[in-house]
Amino acid sequence: CPRTRFVALDVEPAVASDEFFSAENVTAVVMDTEEAAFLAGVLAAEESQTGTVGFIGGMPISSVDRLLAGFAAGALWADPDTIVVVTYLDGDAAAGLGAFDSPERGYAAALDLFRAGADIVFHAAGGSGQGILEAVVDSSTLARPLRFIGVELDARALARRLGCPVVRRYSGGRARH
């Protein structure tokens, strides 16, 4: 469809050089998601009762790593003594994109972060975030309230007390060539 225009969101320049992404009718756009993640990190550090916050990524790819970098920078800016515990769901290279669609793995990873002392978890794990949210709901108590900050999953309707979303608005991205 040479007359149809396509936008590839969060596709890095190295990937954009791929034959499909470099076609004349395809534009790769990268969002500055680390800026919103920085604010999530500030919120997490200021609200944490344990001084430990967690990050769960689907796999270590640039779009997820930018969220981690922003989150960690924001948390440490707000409170330099904050401990940021990080885990990825991929476990091995063979896991591939399935790391973004495994609520069971998200649930288990969240429990691990809670055991490590985190009381607020920020995730960039796609559909696996549903499992992370369920772990927060199941494990939170009055004595130890746990919170959830998600990306692209507005969980407020599911559990208002848990946290907030980082929602990307695609009106301010930059084309990268």
Side-chain angles (χ1 to χ4, degrees), residues 9-10 12 29-90 99-100 102-174:
L9 297 174
D10 279 339
E12 293 296 324
V29 175
V30 177
M31 306 305 293
D32 292 328
T33 55
E34 61 274 15
E35 293 174 5
F38 180 91
L39 296 175
V42 169
L43 176 67
E46 289 184 351
E47 292 293 317
S48 176
Q49 294 178 6
T50 65
T52 300
V53 298
F55 177 86
I56 300 174
M59 56 194 304
I61 57 176
S62 61
S63 59
V64 173
D65 289 341
R66 285 195 318 272
L67 287 164
L68 168 58
F71 178 72
L76 295 173
W77 178 84
D79 181 352
D81 294 325
T82 298
I83 297 169
V84 180
V85 183
V86 178
T87 190
Y88 289 94
L89 300 179
D90 66 338
F100 292 97
S102 177
E104 300 81 15
R105 291 168 81 181
Y107 190 97
L111 293 181
D112 287 344
L113 292 184
F114 302 151
R115 283 191 284 274
D119 59 347
I120 299 176
V121 174
F122 177 51
H123 90 84
S128 299
Q130 184 63 40
I132 299 165
L133 174 60
E134 290 172 9
V136 169
V137 171
D138 291 350
S139 302
S140 188
T141 65
L142 288 176
R144 185 165 185 232
L146 303 172
R147 302 222 180 127
F148 169 96
I149 302 172
V151 174
E152 299 169 349
L153 171 64
D154 187 347
R156 290 176 298 173
L158 299 173
R160 280 213 171 268
R161 66 182 171 80
L162 295 178
C164 65
V166 171
V167 179
R168 294 191 275 189
R169 304 266 187 245
Y170 288 106
S171 60
R174 295 177 276 121

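Below, each value reflects all heavy atoms present in this structure, side chains not excepted, and no hydrogens, waters or symmetry copies.
- Take E47 and apply the side-chain hydrogen bond (donor to acceptor under 3.5 Å, both in side chains) test, not counting sequence neighbours, and it matches R147.
- Considering every non-hydrogen atom in both I132 and A125, the closest pair reads CD1-CB, 4.3 Å.
- Listed by chain and number, the residues in a side-chain contact (heavy atoms from CB on, under 4.5 Å) with Q49 are D119, P145 (sequence neighbours excluded).
- Closest approach of G129 and F148 over heavy atoms only: O-CE1, 3.6 Å.
- Closest non-hydrogen pair, E46 versus A78, comes out as CG-CB, 4.1 Å.
- Residues F55 and L113 are not in side-chain contact: their nearest non-hydrogen atoms beyond the backbone lie 4.5 Å or more apart.
- Atom OG1 of T50 and atom CD1 of I83 lie 8.0 Å apart (nearest 0.5 Å).
- For V85 against A116, the heavy-atom pair with the smallest separation is CG1-CB, 4.3 Å.
- Two residues are said to be in side-chain contact when any heavy atoms from C-beta on lie closer than 4.5 Å; F100 and L89 fail this criterion.
- One finds the CG atom of L39 at 10.5 Å from the CD1 atom of I149 (value rounded to the nearest 0.5 Å).
- Contacts of S102 classified as side-chain contact (heavy atoms from CB on, under 4.5 Å), with partners at least two apart in sequence or in another chain: E104, R105, S128.
- Taking every heavy atom of both residues into account, T82 and A45 meet most closely at OG1-CB, 3.6 Å.
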Residues F122, V53; criterion side-chain contact (heavy atoms from CB on, under 4.5 Å); working and verdict = CA-CA 8 Å; F122 177 51; V53 298; over 6 Å; no
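- Applying the side-chain contact (heavy atoms from CB on, under 4.5 Å) rule to Y107 yields the partners L111, E134, A135, D138; only residues at least two apart in sequence or on another chain are considered.
- Partners of D65 by salt bridge (Lys or Arg N to Asp or Glu O under 4.0 Å), not counting sequence neighbours: none found.
- Shown here for A118 and L146, the closest heavy-atom pair between the two residues is O-CD2, 4.0 Å.
- Applying the side-chain hydrogen bond (donor to acceptor under 3.5 Å, both in side chains) criterion to D79, with sequence neighbours excluded, gives no partner residue.
- Atom CZ of residue F71 and atom CG of residue L43 lie 9.0 Å apart, to the nearest 0.5 angstrom.
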